[in-house]
2 protein chains.
Amino acid sequence: MNIRLMLADDHRMLREGLRRSMIEQGFDVVGEARDGDEAVRLAEELKPDVILMDVTMPEMDGVEATRQIKEALPDIRIVMLTMHADQEVLASAIRAGANGYLVKDCSTEEIASAVRMAASGETALSPQLAASMLDEVRKMDQPANDEDRIITRREEEVLQLIADGCSTPEVAERLFISQKTVKNHLASIYQKLDARDRTQAVLQAVRMGIVHLD
Amino acid sequence: MNIRLMLADDHRMLREGLRRSMIEQGFDVVGEARDGDEAVRLAEELKPDVILMDVTMPEMDGVEATRQIKEALPDIRIVMLTMHADQEVLASAIRAGANGYLVKDCSTEEIASAVRMAASGETALSPQLAASMLDEVRKMDQPANDEDRIITRREEEVLQLIADGCSTPEVAERLFISQKTVKNHLASIYQKLDARDRTQAVLQAVRMGIVHLD
DNA sequence: ACAGAAATAGGCCGAATGGCCTATACGGAC
DNA sequence: GTCCGTATAGGCCATTCGGCCTATTTCTGT
């Protein structure tokens, strides 16, 4: 039984080429979408095994489409395609639930391999991008979007500013709140992260992927 | 001119199989070592282009052997082989100067490809391990063993203790020096790392790979 | 409507922190 | 032999930090 593949890209040329290549590689290309909206609709209708999804599309970008599809149909594997090795986009894509992430200049074989890996439940990504992933993988073990987060949004803001080098008065200034409130947030953070000072709190937050080191 | 390859593994069966495969792949297998000591001696004698080195070996493990070989002959490329995808070991291997890191269940072609990549100066590692690398790559850009280090050993000790959660008095106690001396070291560290407090100093040190997060 | 969490803000206080001085002893480098 | 860096240590002082209280507002879930 062949892997049922769906394509989502706004460039006809790329879709055509991709379709031929993927059929040659032995996949069943069951559908093509021209934008994010269509991708979401077609995904629910066709229920493909894997979707090759471009990041940049009109109406709705690939990341958001991925999020929606994954929410409705978590079993569908999604491999993202992108023009550039953008860490930020990669991060969003992984958070959205993408099972793979490829730069577009990779070979047909690489794409086929990534699709097969995705279909079998593995995560595939371009070697150039592999390194950038670690940071983001770390964030995966955090809720990040769910509301069962340990650290509240405000606390996270405070933590990030501290990590960025702000002192308590500076954080207060940046967030337009009093120093006392910042201290309150910090005290709460210390409890939650089992830290006794800002240094330990920030380190723990870095370990947990809550804050980023530039 | 073929790539001159040396093998280092304590399992005869694996060495034999590896030798045949690598010769088939067009490499010159110029030597084989049964343990870390022998690997270091043979490497200096044969000066191969690339060494395929097992991590777990009697006498001296592959990581330590790698470190010694890299110190004496930095031009020799070393690809590490391991049974399990252990992040910690990968970290040590990369720090020791390994140019590649493969899990043993990968194909002959993958090994050959990794050897060729290593020979041409690239770093190759199993996709499963690629992600774990980022942290360690960061540490690579530091001297780590040279004496042109920015932060002195003592300062590094202080930094590590701070990162481990010690306060100034605690660091003083641990190092059997006065709090004042600790403060002096910290002041010196702040200058060197362009930090104004311990939090920034530790973060910068983490970025530079001077200290490690447990 | 009411409970609970989150965000806001204040007071108080002792300890820790960081900046800016000086000073000594011990190395190695030139 | 002198100079420089490192490690050691002290004093002084303003600021910051963290702990321990209380309190109000808003929002969300029940």
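Remember, it's a predicted structure, so these values are computed and weren't measured experimentally. Order of the sequence lines sets the chain letters (A, B, ...), proteins ahead of strands, with each chain counted from 1.
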Q) Of all the choices, dG10(C), dG11(D), dG19(C), which nucleotide is nearest to the side chain of Asn184(A) once you look at every atom? A) dG10(C)

Q. Pro48(B) versus Leu5(B): any side-chain heavy-atom pair under 4.5 Å?
A. no

Q) If you check every side-chain atom of Lys180(B), which of dG19(C), dG11(D), dG18(D) has the closest atom? A) dG11(D)

**Q.** Value rounded to 0.5 Å, distance of CZ in Phe176(B) from OG1 in Thr181(B)
**A.** 14.0 Å

Q. Between atom CD in Gln179(B) and atom C1' in dT17(C), what is the gap in whole Å?
A. 11 Å

**Q.** For the student: nearest non-hydrogen atoms of Glu44(B) and Ala72(B), plus distance
**A.** OE2-CB, 3.7 Å

Q) Just how far, in rounded Å, is P of dA9(D) from CZ of Phe176(B)? A) 12 Å

Q: Ignoring backbone atoms, establish whether Arg198(A) has a side-chain N or O less than 4.0 Å from OP1 or OP2 of dC17(D).
A: yes

Q.
One thing to verify: whether Glu64(A) and Lys70(A) come together as a salt bridge, which I'm taking to mean a side-chain N less than 4.0 angstrom from a carboxylate O.
A. no

Q | Whole angstrom value for the distance that separates C1' of dA6(C) from CG of Leu175(A) | A | 15 Å

Q: Output the single nucleotide from dC17(D), dA7(D), dG18(D) whose closest atom is nearest the side chain of Pro169(A).
A: dC17(D)

Q. Which whole-number value in Å describes the distance from Glu157(B) CD to dT6(D) C1'?
A. 13 Å

(Q) Within the 4.0 Å heavy-atom criterion, would you say Thr181(B) contacts the bases, only the backbone, or no part of the nucleic acid? (A) base

Q | Side chain of Thr168(A) - closest among dG18(C), dC17(D), dG18(D) | A | dC17(D)

Q | Ser167(B) vs dA15(C): side-chain N/O to OP1/OP2 distance below 4.0 Å | A | no

**Q.** Given dT6(D), dT8(D), dC17(D), the nucleotide with the shortest approach to the side chain of His185(B)
**A.** dT8(D)

Q. In whole angstrom, what separates Lys192(A)'s NZ from dA7(C)'s C1'?
A. 11 Å

Q: Round to the nearest Å and state the distance from Tyr190(A) atom OH to dG18(D) atom P.
A: 3 Å

Q: Starting from P on dA5(C), measure out to CD on Gln191(A) and report it in whole angstrom.
A: 12 Å

(Q) If the cut-off is 4.0 Å, is Ser188(A) near the phosphate of dA6(C), judged by side-chain N/O to OP1 or OP2? (A) no

Q: Find the distance Arg153(A):CZ to dA7(C):P and express it as a whole number of Å.
A: 8 Å

**Q.** Pair Arg154(B) + Glu157(B), salt bridge at N-O below 4.0 Å
**A.** yes

Q. Out of dA9(D), dG18(C), dG19(D), which has the shortest distance to the side chain of Lys183(A)?
A. dG19(D)

